[in-house]
Amino acid sequence: MNIVVCVKYVPDAQSDRTFNDSDKTTDRESVDGLLSELDEYAVEEALKLVEAGEGEVTVVTVGPDQAADAVKKALQMGADKAVHISDEAIHGSDAPATSLVLAEAIKKIGSPDLVLCGLASTDGTMSVVPAMLAERLGLPQVTQASELSVEGDAVKIRRDGDVASETIEASLPCLVSVTDQINEPRYPSFKGIMAAKKKPVETWTLADLGVDAGQVGLDNSWTKVLEFTKRPPREQGEIVKDEGDGGSKLAEFLASRKFI
Amino acid sequence: MFELDRHHEDFRRTVRDFAEREVAPHVAQWDRDSYFPTDLVPKMGDLGLFGLVVPEEFGGAGEHGDFTSLCVAIEELGRVDQSIGITLSAGVGLGINPILTYGSDEQKQRFLPDLVAGRALAGFGLTEPDAGSDAGATRTRAVRDGEEWVVNGAKAFITNSGTDITSVVTVTARTGENEDGSPQISAIMIPSGTPGFTAEAPYHKLGWHISDTHGLTFEDCRVPAENLLGEEGEGYKQFLKTLDDGRIAISALALGMTQAMLELATDYAKTRQAFGRPIGANQGVSFQVADLAVMVEASRQLTYRAAWLKDEMEAGRRGLKEVKQAASIAKLYTSEAAVTATRIATQIFGGNGFMEEYPVARFYRDAKILEIGEGTSEVQRMLIARNLGLPSA
């Protein structure tokens, strides 16, 4: 079974994330980036499926030069090869534009049996690219899978909702997005790190995909960030001295905030 | 000149991630309970940590691995917790290396795959209640009886010797006398569970609470003759070589500690307020943090230069004498710097530094052993001086 996993290079959530002042896009220069943690689950699930049977795992990412780091990590985890689509014209693309680039890249890679995505990126957190991508590829989509198995020509997934868990079947080929409950992503091993050095990474531009620059990028996106304001720093907490009545003061505080 | 390769830095990131996710959240509790996390060992094996200097046929990294990578792993584990760092360091340096270096094919096949995978741990029993660096004073005896060795004696402070997954402990024992009357020392492998071999109750230690350390006793403990490791009478030489490697590994462990002190103290000095400003605004504090940064840098250079020299020696490009001197210098400096660094960090943390809620307290307790294990500071100074051609006593 051949699987394509879509991954994203995102700013490290541990660092001080911000936007570029000039065009209000995510600042990817001054902040360290990494493979979106939510995408690690998709990579892990793909590796498990291939390890249990046969086939290969291709990771694909759309992003600037540094995004090569994201595919490198996926290769270190065990993916077989990678495609990195990098083109200045893509800068500022919104979800529909990104899904277009991904869709064309997946068509060029070949026709995978399964396309796997994470739940959402940890920077944009829109969670819509998987659905848009499935639409563009004309594939059935099952999203937010917390369990996945392949049986014959179909995938079966469990989708946990607030009040019920659904078990859903879809015929292959299809697209599945997975949650952070589905598995425990592996750490790249030393051998994986060394092996990744020799794995093929292809870098494609929009021209390689036959995508017109007028369909993507900040100026051609359907949505645009107009303004951003930094969330004000958290205020110093209220310190209550316990003079024997600490418990009731705590209760008063919680009641005043309608927590109890 | 030496510098870390890109893959060393990639590997550092993996081990750091692992340490921060799998170790850091639990370490205060493990330390409080003196709990050895057996389940962590196979996870370390999955990362490849035990196989960095082991051939591929036993599951190791083969030609891709090197001693420098092992030091990176020990440093990063040691940055989060010293006990976990020493578990790896001893697991490889004292558990795997003697078998790999001196073992027969059969011994290697029997023990190494499990040790490399983290399914098992091995210990190395040299120190005795009355014999430390003076290994000639070894009293444990092994007497040949037909096709068996009969071992009697006791060992002290043996790391990884009593875990649920300890498969074997190699011990040094007198097996006779040389012509000059000095004891002939040999190394003998005692598998766990051998009748007469007891790992005593764990020690109550000042630090390294999470690390598994036991005294061992041997009472008419019988093992097959083929459990001799290496040549009969070569045990003394074998363990000296084992200790050389261990010194650089301890440097890496000390470096991880000093690095942790720098990070914790810097963060605290920036955020802790006194008299309306961060305490780091006072030179009395900021100068000490600056000193920590210098210690980290010096420790890093000494450690990785020694590790690089050792890798170069393995490739036949450097000599043993140079490596030994670099190892002693690195071990001496980095361990003493780590002790100083924990003292400085604890002082910067003030009263909080004395509380177990803050990790500096654990590091403070863990530091002292670095100046003692794998040859005390005094032994290092003696070796360094001797190497300079000064007369020995």
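Below, chains carry the letters A, B, ... as their sequence lines are ordered, and counting in each starts from 1.
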Under 4.5 Å from a heavy atom of chain A, the part of B:L49 involved
neither
Heavy atoms of other groups near [X] [atom1], more than 12 under 6.0 Å:
{"X": "B:M355", "atom1": "CE", "answer": "yes"}
{"X": "B:Q273", "atom1": "CD", "answer": "yes"}
{"X": "B:K270", "atom1": "NZ", "answer": "no"}
{"X": "A:D32", "atom1": "CG", "answer": "no"}
{"X": "A:D16", "atom1": "CG", "answer": "no"}
{"X": "A:K156", "atom1": "NZ", "answer": "no"}
{"X": "A:R158", "atom1": "CZ", "answer": "yes"}

Could you state the interatomic distance from [atom1] ([X]) to [atom2] ([Y]), rounded to the nearest 0.5 Å?
{"X": "A:E184", "Y": "B:R21", "atom1": "CD", "atom2": "CZ", "answer": "8.5 Å"}
{"X": "B:L70", "Y": "A:F190", "atom1": "CG", "atom2": "CZ", "answer": "10.0 Å"}
{"X": "A:S189", "Y": "B:F18", "atom1": "OG", "atom2": "CZ", "answer": "12.0 Å"}

Are any of the side-chain nitrogens in [X] or [Y] under 4.0 Å away from the carboxylate oxygens of its partner?
{"X": "A:D69", "Y": "B:R6", "answer": "yes"}
{"X": "B:D10", "Y": "A:K72", "answer": "yes"}
{"X": "A:K197", "Y": "B:D5", "answer": "no"}

Is there side-chain contact between [X] and [Y], with heavy atoms separated by less than 4.5 Å?
{"X": "A:K191", "Y": "B:H64", "value": "no"}
{"X": "B:D17", "Y": "A:K73", "value": "yes"}
{"X": "B:E22", "Y": "A:Y187", "value": "yes"}

